Amino acid sequence: MAKSYGMPEQSMESVSRLAAHHLKGILNNGMLLGYTNDMISYYIAEKLYFGDYQKVNSIQMMGGVDSQASLFGGQELAVRFQTKLNGASYILQAPLMVKTSTLKQQLLREPMIYQTVEKYPKIDAAVLSIDKPSLLPGFRQEGELCSKADLIQLSELGAVCRICGRYLDKNGLPCNAGINERIMAIDLDVLKELDTVIGVSASIVNAQSVISCARSGYINTLIIDEALARKII
């Protein structure tokens with residue numbers, strides 16, 4: 001459990017620092033670390049450090065190609081993790097969401113994308129951000145722009161948690177929404193089979209999201225800040 005601060009960004013840095021410390025204790029030479037494209041991963045990468053003698057590979061678990069530059073965009077994060085871990089950095093060369101499920105299947109057959117996706121079951125440790133989805137019309141989350149129809153459907157299905165671009169209800173079950181068929185990210189079934197999956201979150205606004213994620217079985221390690229822990233309890 002990490003220390004909470006008055007400013008949300010400080011609390012986010014606090015949980016990221018603890019997550020980086022935890023990763024440093026479990027990652028060994030030649031391992032593969034999976035991560036999501038978000039501010040949590042940005043801070044984790046910032047606080048990770050391995051000596052030159054140790055090389056850990058990293059891989060994006062969700063599409064990060066976007067029309068706008070960002071500190072936690074796909075290319076930027078990949079370079080940051082590669083620099084800090086001294087290993088290879090694998091990129092999912094796709095946006096987080098595409099227009100149709102047919103386009104998604106076509107992209108998954110592209111060698112550049114397929115070669116990354118086929119490495120997902122080999123991830124030794126994964127770290128992901130647990131967030132409360134905003135279902136406000138036109139609200140933009142990293143790499144994604146939900147349509148009004150998507151937002152209405154997610155709201156009707158009771159979406160309270162967002163991990164790896166996918167949405168869960170209060171019981172931790174995946175929302176059976178059309179948007180899931182268009183998300184370019186690690187399959188939740190694959191995520192569930194990984195040995196080590198670390199969920200990271202900060203701020204009391206994410207309380208219901210963390211409960212949902214804990215119930216889902218997709219994570220086996222949880223790192224949150226003190227205020228969020230008190231809210232959950």
Side-chain angles (χ1 to χ4, degrees), residues 32 34-38 40-41 58-68 70 72-78 90-123 126-194 197 199 209 212-213 215-219:
L32 180 61
Y35 63 91
T36 49
N37 299 327
D38 45 52
I40 287 285
S41 290
S58 57
I59 187 168
Q60 292 175 348
M61 298 193 297
M62 54 197 286
V65 175
D66 201 354
S67 60
Q68 300 177 15
S70 168
F72 38 90
Q75 294 284 348
E76 291 81 359
L77 266 181
Y90 303 105
I91 301 172
L92 183 57
Q93 295 278 18
L96 176 57
M97 185 174 70
V98 295
K99 279 191 172 184
T100 66
S101 58
T102 301
L103 177 56
K104 174 182 174 177
Q105 294 307 315
Q106 290 174 340
L107 288 173
L108 287 174
R109 289 193 290 270
E110 288 293 324
M112 187 179 293
I113 294 176
Y114 173 76
Q115 288 167 12
T116 296
V117 173
E118 69 173 354
K119 291 181 175 65
Y120 287 156
K122 303 172 185 176
I123 292 174
V127 60
L128 56 87
S129 177
I130 304 171
D131 302 305
K132 175 184 177 181
S134 175
L135 304 181
L136 298 174
F139 183 82
R140 184 178 177 83
Q141 291 178 303
E142 293 88 30
E144 176 182 351
L145 186 59
C146 295
S147 69
K148 186 176 181 180
D150 290 329
L151 295 171
I152 291 172
Q153 186 180 34
L154 288 169
S155 181
E156 290 175 345
L157 292 171
V160 299
C161 176
R162 181 176 182 262
I163 58 169
C164 296
R166 302 275 183 10
Y167 297 84
L168 310 178
D169 65 17
K170 66 179 182 180
N171 297 313
L173 299 174
C175 292
N176 187 22
I179 188 175
N180 287 328
E181 301 303 317
R182 312 196 310 272
I183 294 294
M184 301 291 292
I186 186 171
D187 285 341
L188 291 180
D189 289 342
V190 175
L191 184 69
K192 204 167 193 174
E193 292 299 315
L194 300 181
V197 183
S209 304
S212 167
C213 192
R215 288 172 174 167
S216 73
Y218 294 123
I219 64 170

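Every value quoted in this text rests on a predicted model; they were computed, and no experiment measured them. All residue numbers refer to positions in the sequence shown, counting from 1.
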Review point. Who pairs with Ser212 by side-chain contact (heavy atoms from CB on, under 4.5 Å), at least two apart in sequence or on another chain?
Key: Val160, Cys161, Leu168
**Study point:** Qualifying residue for side chain to side chain contact (heavy atoms under 4.5 Å, CB included) with Val117, from Leu107, Ile59, Leu108, Val190
**Key:** Leu108
Practice item. Please name the pair of heavy atoms, one in Ser129 and one in Asp38, separated by the smallest distance, quoted to 0.1 Å. Key: CB-OD2, 3.2 Å
Check your understanding: Would you say the side chain of Leu157 lies within less than 4.5 Å of the side chain of Asp169, judging by non-hydrogen atoms?
Key -> no
Exercise for review: State which residues pass side-chain contact (heavy atoms from CB on, under 4.5 Å) with Gln93; sequence neighbours excluded, sorted by chain then number.
Suggested key: Val65, Gln75, Ile91, Met112
Point to revise | Residues forming a ring pair (Phe, Tyr, Trp, His ring centres under 6.0 Å) with Tyr218, sequence neighbours excluded | key: none
Check your understanding: From Leu151 CG over to Ser134 OG, what is the distance, rounded to the nearest 0.5 angstrom?
Key -> 8.0 Å
Exercise for review: Indicate yes or no for a side-chain donor-acceptor contact from Asn180 to the backbone of Cys175 under 3.5 Å, with no hydrogens or angles considered.
Suggested key: yes
**Study point:** Ile183 side chain near Met97 side chain, heavy-atom distance below 4.5 Å
**Key:** yes
Check your understanding: Does Ser209 have any side-chain hydrogen bond (donor to acceptor under 3.5 Å, both in side chains) partners at least two apart in sequence or in another chain, and if so, which?
Key -> none
Exercise for review: Keeping the roles fixed (side chain from Arg215, backbone from Lys170), state whether a donor-acceptor pair exists under 3.5 Å.
Suggested key: yes
Practice item. Could you tell me which non-hydrogen atom of Arg162 sits nearest to which non-hydrogen atom of Pro133, and how far apart they are? Key: N-CD, 4.1 Å
Practice item. Give the intermediate values and the outcome of side-chain contact (heavy atoms from CB on, under 4.5 Å) for residues Thr36 and Ile163. Key: CA-CA 9 Å; Thr36 49; Ile163 58 169; over 6 Å; no
Point to revise | Reported CD1-to-OG distance for the pair Ile123 and Ser58, which is rounded to 0.5 angstrom | key: 10.5 Å
Check your understanding: Just how far is it from atom SG of Cys164 to atom CD1 of Ile130, taken to the nearest 0.5 Å?
Key -> 10.0 Å
Review point. When rounded to the nearest 0.5 angstrom, what is the spacing between OH in Tyr35 and CD1 in Ile40?
Key: 15.0 Å
Exercise for review: Measure the shortest side-chain to side-chain distance between Leu194 and Leu191 over non-hydrogen atoms and say whether it is less than 4.5 angstrom.
Suggested key: yes
Review point. Can you name the closest pair of heavy atoms from Lys104 and Met184 and give their distance?
Key: CG-SD, 3.4 Å
Revision key, fill the gap. Between Cys213 and Ser216 the two heavy atoms that sit nearest each other are O-OG, 2.5 Å
Exercise for review: Would you indicate whether the side-chain heavy atoms of Gln60 and Asn37 approach each other to under 4.5 Å?
Suggested key: yes
Practice item. Mind checking the CZ-CG spacing from Arg166 to Leu96? Nearest 0.5 Å is all I need. Key: 8.5 Å
Exercise for review: Find out whether Met61 and Val127 are in side-chain contact, i.e. whether some heavy atom of one side chain is under 4.5 Å from a heavy atom of the other.
Suggested key: no
Point to revise | side-chain contact (heavy atoms from CB on, under 4.5 Å) partners for Thr100, two or more places apart | key: Thr102, Leu103
Review point. Nearest heavy-atom pair of Ala185 and Tyr120: which atoms, and what distance?
Key: C-CE1, 4.4 Å
**Study point:** Set of residues satisfying side-chain contact (heavy atoms from CB on, under 4.5 Å) with respect to Asn176, sequence neighbours excluded
**Key:** none
